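These notes concern the structure reproduced below.
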2 protein chains.
Amino acid sequence: MNNYTDQLRLHNLKATPQRLAIADALHIHGHITIDSLYGMMLQKFSSISLATIYKNMNLMIENSFVQEVKLPDTKSVYELSKASHSHLLCKECGEVEDVTIDLTSAIKEASTASSFKIESTALTFVGVCKKCS
Amino acid sequence: MNNYTDQLRLHNLKATPQRLAIADALHIHGHITIDSLYGMMLQKFSSISLATIYKNMNLMIENSFVQEVKLPDTKSVYELSKASHSHLLCKECGEVEDVTIDLTSAIKEASTASSFKIESTALTFVGVCKKCS
DNA sequence: CTCTGTGCAAAGCGTTTGCAAACGA
DNA sequence: TCGTTTGCAAACGCTTTGCACAGAG
């Protein structure tokens, strides 16, 4: 259980117990939905409000401490910001995993074909994970 | 202005005037949000209900006639189903374009790294389009 | 001490549902 | 004709807001 006090401050966020717990939950679980995060927080703070979760997640996203991951056919999950990477979604169990792959040739191909100046990519592979197959 | 009667029937959807107009709007504009679709439909059917839009979009998605495209930092857009492809999103003007690129090596890389059995991909490039740069 | 964050309750907004009348096949 | 679709209004669920009190720095 890491201490995220400094990381929060670096992102201009005061280190409240609720925020530290949110950061821990994201660190431990990797990718979580708002609902499951609320459930986890309730175990630690029996009277935490969903409004507190939403306010903090929004602030954390604005301040680039956290990122939303939009997934096909299912709810978004949230993760701590980190180096650019892609995602794998298991359509059986819903698990989300990170994967880092080289997209330079794909980016080159797409910018040539379109004359867009590409700055980032959002890539999710959908399939079946090892456990489920 | 194509006639989508048969296409709708192929997807087990009765060809009502509202549905034909939705198909035309998707065909003409490529990628549209629910709101802009509602606006367009209002011009043609002054008393069309938003509920009709939602019911039809949901049916069309279930029957694979239409697909939702989830985009980073902005609302989803909808498009007529077609061969697998990726998307370009202009972060200045919001325009969405289709682009077809070869992802076989990316898929191979990701499945090797993860031991997922990958079945599809959702890829959006974010950048600045020609007009906006 | 000051300003920000928290929890609660209420409001807001997009989406879905139930129903009677209209319509497609 | 029969089953589906439409439009309306109400319900719903998720997210945001306003406010008084508590807590971080």
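Since we're looking at a predicted model, the values are computed, not measured. Letters A, B, ... mirror the listed sequences (proteins, then strands); counts begin at 1.
Toward the 5′ end of DNA chain C lies the nearest nucleotide of A/Lys55, the other residue of the pair B/Pro17 and A/Lys55 mapping further downstream. Between B/Asp35 and B/Arg9, the one whose closest nucleotide on DNA chain C sits nearer the 5' end is B/Asp35.
Counting any heavy atom pair closer than 4.0 Å across all strands shown, A/Thr52 reaches a base atom.
Looking at B/Tyr4 and B/Leu26, their side chains never come closer than 4.5 Å, going by heavy atoms from C-beta outward.
Which of D/dG7, D/dT17, C/dG7 sits closest to the side chain of B/Ser47 comes down to D/dG7. Of the candidate nucleotides D/dC8, C/dT6, D/dT5, D/dT5 has the atom lying nearest to any side-chain atom of B/Leu59. If you check D/dT16, D/dA9, C/dT6 against the side chain of A/Gln18, the one that comes closest is C/dT6. In this structure, the nucleotide among D/dG7, C/dA25, C/dC8 sitting nearest to the side chain of B/Ser49 is D/dG7. Considering only the side chain of A/Lys14, D/dG23 comes nearest among C/dG7, D/dG23, D/dG3. The side chain of A/Thr16 approaches C/dT6 more closely than any other nucleotide in the set C/dG24, C/dT6, D/dG25. Distance from the side chain of B/Ala51 is smallest for C/dT17 among the nucleotides C/dT17, C/dG5, C/dC8.
Nucleotide C/dG5 holds its C1' atom 8 Å from the CG atom of A/Asn56, rounded to whole Å. Per the geometry, CG belonging to A/Leu42 stands 12 Å off C1' belonging to C/dG7, to the nearest Å. The CG-C1' distance, from A/Asn63 to C/dG5, rounds to 14 Å in whole Å. Atom CG in B/Leu8 sits about 13 Å away from atom C1' in D/dT5, given to the nearest Å. Distance, B/Asn12 CG to D/dT4 P: 12 Å, rounded to whole Å. Counting to the nearest Å, the C1' atom of D/dT6 and the CD1 atom of B/Ile22 are 11 Å from each other. Following rounding to the nearest Å, B/Asn58 (CG) and D/dT5 (P) show an atom-to-atom distance of 13 Å. In this structure, B/Leu50 atom CG and D/dA10 atom C1' are separated by 15 Å, rounded to whole Å.
Judged purely by atom type and a 3.5 angstrom limit, B/Ser114 uses its side chain to pair as donor or acceptor with the backbone of B/Phe116.
Note on A/Leu80 and A/Leu71: separate hydrophobic clusters, where clusters join Ile, Leu, Val, Met, Phe, Trp and Tyr whose side-chain heavy atoms are under 4.5 Å apart, directly or indirectly. No continuous path of hydrophobic side-chain contacts links B/Val96 to B/Val99 [ILVMFWY only; heavy atoms under 4.5 Å].
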>> With salt bridge (charged side-chain N to carboxylate O under 4.0 Å, His left out) as the criterion, how do A/Lys91 and A/Asp73 come out once you've worked through the C-alpha distance, each side chain's angles and the decisive distance to 0.1 Å?
In response: CA-CA 9 Å; A/Lys91 65 178 193 175; A/Asp73 304 316; over 6 Å; no
